[in-house]
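Shown next, in structure tokens, is the structure this report addresses.
Atoms considered below: every heavy atom in the structure, side chains included; atoms not considered: hydrogens, waters and symmetry mates. What you are looking at is a predicted structure, and each value in this text was computed from that prediction instead of being measured.
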Amino acid sequence: MSDLFTRRVRTIALALAASITAACSDDNNPAGPQPAADTCANATGVISADITANCTLLSSKTYVLQGYRKVTNGATLTIQAGTKITGPTTGPSALFITRGAKIDAQGTAAAPIVFTSAQAVGSRRPGDWGGLIIIGNAPTNRVGPVNTEGPAPENYGQGTNATDNSGTLKYVRTEFAGYAEIVNEELNSFTFYAVGSGTTLDFLQSVAGLDDSFEWFGGTVDAKHLVSYESGDDHFDWTEGYRGRNQFLIAYQSRRLAPVPPGTLSSDPQGFEGDGCELGPPQKCAAEGYFSKPYSMPVFANFTAIGTGTLVSGYPSGGGIGIRVRRGTGGFFVNGIVARWPNKGFNLRDAATDSLRKIDSLVMKNVLFAQNTANFDPEGNATELGWPSKFVVTGSGIVQDGGTAGSHFVALPADTNNTSAASFDWTPSATSASRNGGLATFTGTLAARAGAAVTGTAYVGAADPNGPKWWQGWTTYVVR
């Protein structure tokens, strides 16, 4: 009897263990079982303390970030596909992945991970909550220990590991970010401080953020499939020696947003804005000033950047530029579309930046300009140095098209009220020069910088005329 009883107990125990393992497994992380209940939050889903040990946020809950919460101590925060995280109804909030910690947020097109406002649909505004901040250990061109912007600062200076890995973001959407405690301290939707190339960024969208949609402070992280919809400041912004490679990007602006005070909208919102570094006070560059190394030298390929055109009256006079480069940045802009910007398509600000153009480190190839008030800076201008004679040269592949922005796409909203998902199809229209105006083979310096991360295409813009509509299913176009 005792042997039979022992065998029955063992059988029941094994069956129970198998059941628990099955219940705890995570389809998005098949390498091993995940906890059946998260340890990141309290019973009602409020995350009110820093995360210091590995834990998982479950798709069956909605979580609330209470305050500036940080993943520390080398912990990994795993977020299941379809999980929703909000800020509080009132008060500060943001999620920091600190140096040495990781995030594993792998959504899907059918079940993206969403960071958003706690307000009801129709009452949401830019600045309702903070944003997502990742801090790595890759190099920047700042001197000494330096801190992140805004409240709850963290050091991101003196990084040494270009291949540092801060985790994975895939199919992640950030909405209504940019919380500010004081004027001019707004947070970005996605901020990458010294993030290394071992990190994976793919299929990310920013919606109605109060500050920049995507900003890189140094680092070497690459990205693909980025969407920025209605930004309070720049759609894509980099500085302090950023050297990552990015392909397939969409930026769309049709309006000025209504922020949550004390947050304010930018006085110079652009499509792309790049700096090598920024002089003080306080001093931000290394000893070489604008020539501090490593140079900012990103690659942006297959981008579609659409501005407001004349849709918005009273647009800031310092803004409305498709691509602005300044303060000693280099960069490579290839196979892109820049259209409907009310100021100009491209602007180069200073001699330090122009010097990088002269040594073949500021390169623009196969870019289509359409319906901008002006495509380039005035020829011969003493301070705005992005003259057409420097860039629109034989072999550049640059096209200055006389048609409208809308003529180049299957579907593009013509006004600020027509912004449902069905209103957008970034596929080149049948008559657009973008269908076959791309640089299919990279050579020379461009090939060396792009490496295997970015490849040439026969088309320009973010959408393959014969390929999948990669932005569909997981993006949204609602700004309240």
In this structure, is the centre-to-centre distance between the rings of F303 and F272 below 6.0 Å? yes
Do Y252 and F424 have ring centres separated by under 6.0 Å? yes
Begin from the C-alpha positions of N335 and T457 and carry the test side-chain hydrogen bond (donor to acceptor under 3.5 Å, both in side chains) through to its verdict. CA-CA 7 Å; N335 291 342; T457 63; 3.3 Å; yes
F190 and D212, any side-chain heavy atoms less than 4.5 Å apart: no
Look only at the side chain of N343 and the backbone of G320, and say whether a donor-acceptor pair between them is shorter than 3.5 Å. no
Is R99 close enough and on-axis enough to Y156, meaning under 6.0 Å and within 45°, for cation-pi? no
Centroid-centroid under 6.0 Å between W238 and F300 rings: yes
Please evaluate residues T148 and T191 with respect to the criterion side-chain contact (heavy atoms from CB on, under 4.5 Å), reporting the C-alpha separation (whole Å), side-chain torsions for both, the decisive distance (0.1 Å), and the verdict. CA-CA 10 Å; T148 57; T191 309; over 6 Å; no
Go through the steps for D202 and K224 under the test salt bridge (charged side-chain N to carboxylate O under 4.0 Å, His left out), then give the verdict. CA-CA 5 Å; D202 201 4; K224 288 192 173 181; over 6 Å; no
Answer with yes or no after comparing the ring centroid distance for Y242 and F192 against a 6.0 Å cut-off, counting only values under it. no
Should the pair W470 and F203 be assigned to parallel (<30°), tilted (30 to 60°) or perpendicular (>60°) ring geometry? perpendicular
Are any of the side-chain nitrogens in R324 or D234 under 4.0 Å away from the carboxylate oxygens of its partner? no
Going by side-chain contact (heavy atoms from CB on, under 4.5 Å), name the residues that satisfy it together with D164, two or more places apart in sequence or in a different chain. N137, N161, S166
Can you tell which of D38, T83, T44 makes a side-chain hydrogen bond (donor to acceptor under 3.5 Å, both in side chains) with K61? D38
Audit row: T116, K84, side-chain hydrogen bond (donor to acceptor under 3.5 Å, both in side chains) steps and yes/no: CA-CA 8 Å; T116 191; K84 181 179 178 181; over 6 Å; no
Determine all donor-acceptor pairs shorter than 3.5 Å in which one atom belongs to a side chain in residues 403-412; sequence neighbours excluded.
unit_1, atom_1, unit_2, atom_2, d
T404, OG1, S407, N, 3.2
S407, OG, T404, O, 2.6
H408, ND1, S432, OG, 2.7
H408, NE2, D401, OD2, 3.1

Cation-pi, F96 ring and K70 (6.0 angstrom, 45 degrees): yes
Can you name the residues that form a salt bridge (Lys or Arg N to Asp or Glu O under 4.0 Å) with R124, not counting sequence neighbours? E175
